Amino acid sequence: MNLFEIPVPLELAPLEMAPLEMDWGWGLMMTGVGMSVVFGLLALLWALLHLIARGDEWAARRAARAEAAAVAQAPAPKPVAAAPASPTVTIADPDGLDDDTIAAIAIAVIKHADVRRKQAAPEMRANAPGSQLWASRWVAVGRGLQNTPWRRR
Amino acid sequence: MNLFEIPVPLELAPLEMAPLEMDWGWGLMMTGVGMSVVFGLLALLWALLHLIARGDEWAARRAARAEAAAVAQAPAPKPVAAAPASPTVTIADPDGLDDDTIAAIAIAVIKHADVRRKQAAPEMRANAPGSQLWASRWVAVGRGLQNTPWRRR
Amino acid sequence: MNLFEIPVPLELAPLEMAPLEMDWGWGLMMTGVGMSVVFGLLALLWALLHLIARGDEWAARRAARAEAAAVAQAPAPKPVAAAPASPTVTIADPDGLDDDTIAAIAIAVIKHADVRRKQAAPEMRANAPGSQLWASRWVAVGRGLQNTPWRRR
Amino acid sequence: MNSETLRLLLDGVNNLSWQSMVMMAIGLLLIWLAIAKEYEPLLLLPIGAGAILANIPLSPLVGEHGALTTLYNMGVENELFPLLIFIGIGAMTDFGPLLENPKMVLLGAAGQFGIFLTLLLALALGFSQPQAASIGIIGAIDGPTSIYVSNKLAPELLAPITVAAYSYMSLVPLIMPPVMRLLTTKKERAIRMPYSSREISQRTRLLFPIIVTLVVSILVPFATPLIGMLMLGNLMRESKVVERLTGAASNELANVVTLFLGLAIGSTMMGERFLRPATLFIMGLGLIAFVLDTAAGVMFGKLLNVFSKGKFNPLIGAAGISAFPMAARVVQKEASRENFDNFVLMHAMGANAAGQVASVVAGGVLLALMGAA
Amino acid sequence: MNSETLRLLLDGVNNLSWQSMVMMAIGLLLIWLAIAKEYEPLLLLPIGAGAILANIPLSPLVGEHGALTTLYNMGVENELFPLLIFIGIGAMTDFGPLLENPKMVLLGAAGQFGIFLTLLLALALGFSQPQAASIGIIGAIDGPTSIYVSNKLAPELLAPITVAAYSYMSLVPLIMPPVMRLLTTKKERAIRMPYSSREISQRTRLLFPIIVTLVVSILVPFATPLIGMLMLGNLMRESKVVERLTGAASNELANVVTLFLGLAIGSTMMGERFLRPATLFIMGLGLIAFVLDTAAGVMFGKLLNVFSKGKFNPLIGAAGISAFPMAARVVQKEASRENFDNFVLMHAMGANAAGQVASVVAGGVLLALMGAA
Amino acid sequence: MNSETLRLLLDGVNNLSWQSMVMMAIGLLLIWLAIAKEYEPLLLLPIGAGAILANIPLSPLVGEHGALTTLYNMGVENELFPLLIFIGIGAMTDFGPLLENPKMVLLGAAGQFGIFLTLLLALALGFSQPQAASIGIIGAIDGPTSIYVSNKLAPELLAPITVAAYSYMSLVPLIMPPVMRLLTTKKERAIRMPYSSREISQRTRLLFPIIVTLVVSILVPFATPLIGMLMLGNLMRESKVVERLTGAASNELANVVTLFLGLAIGSTMMGERFLRPATLFIMGLGLIAFVLDTAAGVMFGKLLNVFSKGKFNPLIGAAGISAFPMAARVVQKEASRENFDNFVLMHAMGANAAGQVASVVAGGVLLALMGAA
Ligand code: NA
Ligand code: NA
Ligand code: NA
């Protein structure tokens with residue numbers, strides 16, 4: 001249906017038409033049937049959403065039950081000995097680094113690894129370094145994921 | 001007009017054609033009329049640009065006059081008392097932080113807020129964190145702006 | 001060839017067809033000729049790749065020879081004087097900064113310049129600051145490079 | 001320079017009609033609304049530009065070989081563009097608030113009354129049945145649905161209907177509040193509703209688009225394109241395994257298609273077709289559709305309030321009109337006007353997402369009842 | 001509400017056939033494989049969605065004016081989409097490992113035996129000559145090549161062939177290892193191969209796509225579209241002067257085309273055309289093609305082993321089947337199973353890149369021998 | 001293997017003509033210029049690739065169902081691609097320097113003399129009127145304008161004209177300086193011009209594209225597509241409310257269309273059509289057009305110099321040829337050659353932006369005078 005071939009109904013002059021001829025029956029039928037169908041469909045959808053939600057709850061309950069059973073089956077953990085005077089774990093480090101320093105280094109290392117990971121395989125890059133435009137590392141990661149189908153992201 | 005249906009004028013052999021038959025009149029007419037129209041149109045454009053620039057100047061003058069009037073109408077500010085011996089404002093901070101430290105913290109806080117703002121609604125993200133590819137936060141901001149039509153960016 | 005106009009051969013029922021009528025000759029011809037051509041083409045490709053590799057090696061050898069010649073032609077460097085007792089260069093800095101500090105500052109300045117460079121001409125930006133979406137600086141750089149055709153990237 | 005050359009050069013000025021000048025003025029108005037008022041600029045700016053470029057006298061951009069007509073044939077005539085935009089909308093929409101509160105689905109249905117009431121009014125004004133149905137669909141308050149349905153039923157009215165739909169959609173924050181205040185008491189607006197967020201499993205998020213597609217499409221085949229594309233986008237989003245496609249659908253593709261769609265629709269705003277009393281009636285009926293939708297939503301909210309013994313805030317009903325996510329924000333704003341810390345946004349978002357689905361369903365039902373394909 | 005209206009409303013349900021229900025179930029299965037198993041989700045999800053949307057009874061998305069049919073006509077019928085995807089693949093592929101080890105080219109050739117052996121089997125099962133050739137091309141183990149060739153030779157089989165190609169391609173890590181272990185001895189798998197990386201000059205990287213295009217295209221004109229587009233993408237990548245085009249080809253364009261291609265192919269999975277014994281045969285023959293390809297590759301590797309006096313690890317032959325770069329990784333995994341620090345990845349990548357080129361060449365040769373254009 | 005099979009396999013080699021070999025060599029030359037010399041690589045690389053792929057003997061990429069022909073029909077035949085590129089160019093162009101110095105507009109007009117002088121020369125060489133006009137348009141020194149106009153007037157010359165336009169455009173920094181030095185004295189080149197930057201209001205920036213569109217389009221309807229699309233892009237850019245569209249037009253869309261346009265134009269470089277004396281003449285006339293444009297610009301600059309009593313640097317006239325923003329940089333470079341700290345860049349940028357507008361206007365005027373649509 002090409003718009004430019006449609007004969008434009010220039011004679012359409014709404015107000016001049018006799019409103020008496022209007023098909024009220026058709027209009028009311030449309031309204032009645034239309035809104036009934038819309039309400040009916042969405043009510044059906046509501047029922048289905050309820051069913052899915054039930055499924056979720058049931059799955060959650062089953063998981064909880066399974067966990068409880070696992071806990072029950074597991075040997076009761078030995079009662080913890082009375083807390084000694086100084087309960088805090090201290091990482092003995094021969095280099096003489098204290099805990100805070102080790103924690104800071106750990107975070108720095110993790111962060112560094114994260115940054116390196118994001119930069120990904122630089123030899124796959126089609127673009128100049130510094131360009132964030134095409135981010136072909138994302139492509140690389142995408143292809144990689146496609147090629148190891150059993151690892152969940 | 002499909003190129004591949006055009007009969008290729010293989011017989012076109014420019015040098016063999018009699019240059020005497022050339023329609024100098026047509027060519028000169030094209031040159032004359034063409035350059036006149038181009039110059040005429042661009043001169044018209046120049047005039048219009050001038051008018052717009054005038055409008056700008058006029059708007060600027062009116063704004064300046066309005067400002068001047070506002071200043072005139074406003075009550076004259078009380079004369080500032082003679083500067084005391086030590087005019088520098090010092091933020092008295094009970095925690096003992098000096099001005100520079102407070103300024104540094106303020107800038108850090110502003111920067112942090114800015115970063116957070118840019119990250120925007122993370123739940124709207126369709127992509128893995130770290131991906132700058134689709135930047136769906138931009139989409140989110142775009143839709144948000146569309147939905148609050150009266151706030152100027 | 002419009003798929004939706006293709007008469008779907010519903011009568012195609014492979015197992016009912018008499019396998020005896022099968023054109024083994026055609027199939028074997030296809031296999032023989034097909035694999036021969038594939039192998040032949042790829043062998044030809046192999047030969048050509050070899051030729052290119054030879055070209056590379058030849059170019060490398062020529063470059064090495066040219067370099068050697070240049071070294072030979074160049075006047076022999078004067079023998080370095082016996083190393084003095086304290087050979088390390090020390091940047092004497094009137095402000096009292098030691099070498100490590102100066103190196104750190106130098107790297108910071110280079111990094112800063114690099115960041116500024118990447119931000120490029122901000123007036124060319126069509127987008128809000130902070131948007132990495134369109135990265136129009138890349139466009140700017142691209143156009144710039146097009147306009148200075150003799151500078152290698 | 002002979003007279004023929006002169007005629008060629010003045011052809012444009014000679015063919016300047018009052019209609020083309022009025023249409024260019026309307027195009028400028030749309031651009032002004034888009035830029036100065038930021039009313040749905042992504043569509044109104046291209047529509048305005050398209051209207052101007054199409055109404056330039058003798059414009060080579062429209063007609064059999066015109067570039068804007070090419071864009072029209074490429075994606076509007078065959079309904080491809082609105083459907084592609086629906087993939088992007090689906091990829092950008094989070095149906096979580098609806099999944100947390102499935103009963104909000106009914107509010108979405110209530111927000112479609114305006115469609116049919118407007119249809120009746122349009123019939124009364126003398127429009128033909130397909131035209132009346134197309135005008136009614138403005139009441140779906142959903143741009144691509146309006147374009148899709150009116151293009152099927154009454155393509156000669158596509159331009160005014162699209163302009164009405166997008167103009168009023170950007171005016172939702174102005175149109176809704178008076179209606180909401182008129183129909184509710186201060187006490188009703190102040191009703192607080194408890195909100196117990198529950199975690200929606202990944203499984204539910206994936207099942208939702210699939211089930212909606214199957215149920216709606218099988219029962220109302222005419223709704224298949226609309227609901228199918230919307231839910232395809234949402235499935236891609238929730239699957240989390242095709243980020244490349246989700247990103248392309250909600251960014252590059254959506255942007256390019258939006259630009260083309262706006263230009264193509266603007267190019268159909270030709271003077272002799274647009275400048276008719278019908279257009280004025282459509283603009284008026286469109287406004288009425290928005291008001292009726294809001295009123296129906298609020299009244300349905302009041303009904304729910306009665307059934308729930310006063311625990312349901314009727315304002316939330318108004319969010320069922322779609323216009324996602326703007327309507328939900330307007331509802332929250334009205335609720336917090338009465339009571340600063342009354343937080344009904346999540347309920348409203350649920351109703352709003354339901355309205356999005358219901359609009360598409362209503363569009364399909366309308367097409368089914370008209371028997372058009 | 002008269003009976004006519006009721007009939008209109010129940011049209012969808014009335015037209016629900018067992019075929020459409022089975023096809024929708026198959027569509028759901030493909031979507032499940034894509035999301036839950038992440039089997040080639042970028043194509044299987046759109047294909048599954050297309051299959052569901054096309055098999056909704058009375059779906060307006062297919063047929064003369066359907067949007068999915070429009071997508072089909074826009075890029076599948078005229079083979080544009082697979083060719084555009086090839087530009088993107090070329091732009092993403094690094095042929096460096098092949099250029100470092102040119103002799104690996106022959107392994108790529110060996111990995112195409114499966115095509116012709118499967119063709120013979122298909123002939124034996126009663127398929128016509130063009131159909132048998134199309135089924136054989138599944139053995140190219142390369143999605144776009146399969147789509148391109150089967151669309152030329154037997155478009156009525158396009159859907160099952162594409163589904164088979166992409167399904168098995170994602171199963172390569174499951175299909176290959178047993179075949180590789182069956183055909184090689186522990187000792188053979190443990191063979192270590194020296195690797196002397198040599199620098200590949202920019203000149204070589206640029207000459208490679210140009211020479212491959214010229215040689216293959218002139219000798220096998222039917223391969224011109226496939227090899228030309230693949231190598232054009234690679235030339236753009238290696239030229240380093242058209243990053244904007246390289247990026248557009250391997251991102252925006254590839255993403256949008258992948259989405260459209262998947263939907264369009266899914267839309268051809270109509271019940272009465274897909275649910276035939278032929279489809280089952282094709283799925284079976286596709287699996288056989290993958291196994292035969294792997295076996296041929298390994299056997300050719302063993303041949304090279306003999307010629308090189310035991311210095312060639314026959315596992316590397318299996319990487320010649322294309323399925324880039326997945327096959328090379330599987331080979332490396334098998335090799336390091338025997339010997340943790342046996343590193344054959346770079347040799348395997350060379351064979352794998354050769355397989356990519358050889359698949360395209362084989363597709364062209366097949367078309368040439370069929371005399372189709 | 002019978003003789004028929006052999007014939008099929010050697011079909012390609014048998015059909016290798018000297019024309020196809022020369023055309024492939026020309027394609028390789030264009031690719032070399034693009035990669036090694038970085039001459040407009042974004043277009044010359046795809047054009048070169050298209051030329052090679054189209055001239056492979058029996059290439060299935062061209063012809064009724066060929067993929068490159070499909071691209072040609074999709075966007076070159078109907079002029080869609082150059083117009084879409086114009087939206088992107090408008091979105092990337094800052095007309096600020098022109099708005100600060102409106103009188104520079106006249107310099108843009110002067111830079112179009114080359115068009116008509118070249119037209120006269122082409123007539124003298126025996127080209128037909130439409131062909132001569134198409135060759136003249138190379139003097140617009142604006143790629144999409146050349147493509148648009150020559151495609152309308154003489155599509156059989158599209159390929160050589162496009163190649164000439166883009167080749168010489170990348171050579172602007174080589175072609176212009178000798179002409180500029182020849183026509184100006186050392187003293188003239190050293191003239192310093194004061195520059196008072198004034199703030200351009202947002203209102204002016206928005207009014208500019210609107211007014212230019214209305215004025216030019218109404219007076220020269222044939223220029224509507226070119227000027228309308230260029231200014232639409234600029235309006236989107238300056239509106240600051242449709243960044244998504246601006247970004248899409250100047251990035252994704254522009255990149256994909258550039259690639260397709262290049263390939264499609266390259267595919268029209270068929271041997272028997274391209275390898276004619278006409279092509280050589282066109283290449284020669286194109287170079288003359290560039291020289292004449294530059295000369296006319298400088299001479300007009302000298303005229304302004306006289307009128308302004310020696311205060312106007314005539315070099316700036318040369319920036320009116322368009323070739324945005326390259327020409328302005330060349331002017332600045334020449335000016336600072338004489339006088340290291342003579343900064344005329346902003347004046348030159350104004351003239352350059354005016355040249356961009358004037359080129360489009362001249363294209364429209366040419367079409368109007370030819371009476372073609
Ligand atoms: Na609605
Ligand atoms: Na293969
Ligand atoms: Na020019």
Side-chain angles (χ1 to χ4, degrees), chain A residues 1-57 59-60 135 138-139 141-143 145-146 149 152-153, chain D residues 62-64 69 72-73 76-77 98-99 102-103 105-106 108-110 112-113 115-117 119-120 123-129 131-133 155-156 158 198 200-201 203-204 207-208 211-212 215-216 219-220 240-241 243-244 268 272-273 276-278 281 354 357-358 361-362 365-366 368-369:
Chain A
M1 191 157 35
N2 187 326
L3 174 58
F4 298 96
E5 289 165 6
I6 293 168
V8 180
L10 281 173
E11 69 281 8
L12 173 83
L15 286 186
E16 294 169 19
M17 284 179 69
L20 293 175
E21 292 176 44
M22 189 205 139
D23 191 355
W24 276 105
W26 181 80
L28 291 173
M29 184 277 290
M30 287 293 282
T31 309
V33 177
M35 283 311 289
S36 308
V37 175
V38 169
F39 261 103
L41 267 174
L42 290 180
L44 175 59
L45 215 58
W46 179 21
L48 289 171
L49 285 182
H50 245 293
L51 279 181
I52 308 178
R54 278 279 162 81
D56 265 17
E57 279 164 29
W138 191 254
V139 174
V141 171
R143 284 184 82 85
L145 279 167
Q146 274 188 50
R152 286 294 305 183
R153 213 159 308 182
Chain D
V62 288
E64 205 188 338
T69 306
Y72 179 89
N73 293 333
V76 183
E77 190 197 345
L98 176 60
L99 295 172
K103 69 167 174 288
V105 156
L106 291 184
Q112 314 309 319
F113 265 115
I115 296 177
F116 296 97
L117 300 179
L119 180 155
L120 285 174
L123 277 180
L125 283 171
F127 284 98
S128 73
Q129 291 184 0
Q131 287 175 336
E156 72 275 14
L158 176 61
R198 60 189 188 82
I200 307 298
S201 71
R203 203 174 56 105
T204 302
L207 281 177
F208 175 73
I211 287 179
V212 171
V215 168
V216 173
L219 292 177
V220 191
K240 300 217 164 63
V241 293
E243 277 110 345
R244 295 192 70 180
T268 66
E272 62 273 28
R273 195 185 293 128
R276 286 180 298 160
F281 285 119
V357 174
V361 169
V365 168
L366 211 56
L369 291 175

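Residue numbers begin at 1 in each chain, while the letters A, B, ... track the order of the sequences. Note that the structure is predicted; figures quoted are calculated from it, not measured.
One distance of note links CZ of D:Phe116 with CE of A:Met30; it measures 6.0 Å at 0.5 Å rounding. Between D:Ile200 atom CD1 and A:Asp56 atom CG the span is 7.0 Å, to the nearest 0.5 Å. Once rounded to the nearest 0.5 Å, the distance linking CG of D:Leu207 with CD1 of A:Ile52 reads 5.0 Å. Taken from CG in A:Leu45 to CG in D:Leu98, the straight-line distance is 8.0 Å, to the nearest 0.5 Å. The CG atom of D:Leu219 lies 5.5 Å from the CG atom of A:Leu41; values are rounded to the nearest 0.5 Å.
Interface summary for chain D: among A:Trp46, A:Trp26, A:Phe39, the most heavy-atom pairs under 4.5 angstrom belong to A:Trp26. Taking D:Thr204, D:Val215, D:Leu366 one by one and counting their heavy-atom pairs under 4.5 Å with chain A, the maximum is reached by D:Thr204. Options A:Leu42, A:Leu44, A:Leu28 differ in how many heavy-atom pairs under 4.5 Å they form with chain D, and the most are formed by A:Leu42. For the options A:Gly32, A:Gly34, A:Ala43, heavy-atom pairs under 4.5 Å to chain D are most numerous at A:Gly34.
A:Leu48 touches chain D through its side chain: at least one heavy atom from C-beta onward sits under 4.5 Å away, while N, CA, C and O do not. Using a 4.5 Å cut-off between heavy atoms, D:Gln129 touches chain A through backbone and side chain atoms alike. Using a 4.5 Å cut-off between heavy atoms, D:Val76 makes no contact with chain A at all. Contacts of D:Ala110 with chain A are made by both backbone and side-chain atoms, with heavy-atom separations under 4.5 Å. With a 4.5 angstrom heavy-atom cutoff, D:Val365 touches chain A only via side-chain atoms. Contact of A:Ala53 with chain D is made through backbone and side chain together, with heavy-atom distances under 4.5 Å.
D:Leu369 and A:Val33 make their closest contact through CD2-CG1, 3.8 Å (heavy atoms, listed as atom of the first residue, atom of the second, distance).
Looking at A:Val38 and D:Ile115, their side chains never come closer than 4.5 Å, going by heavy atoms from C-beta outward.
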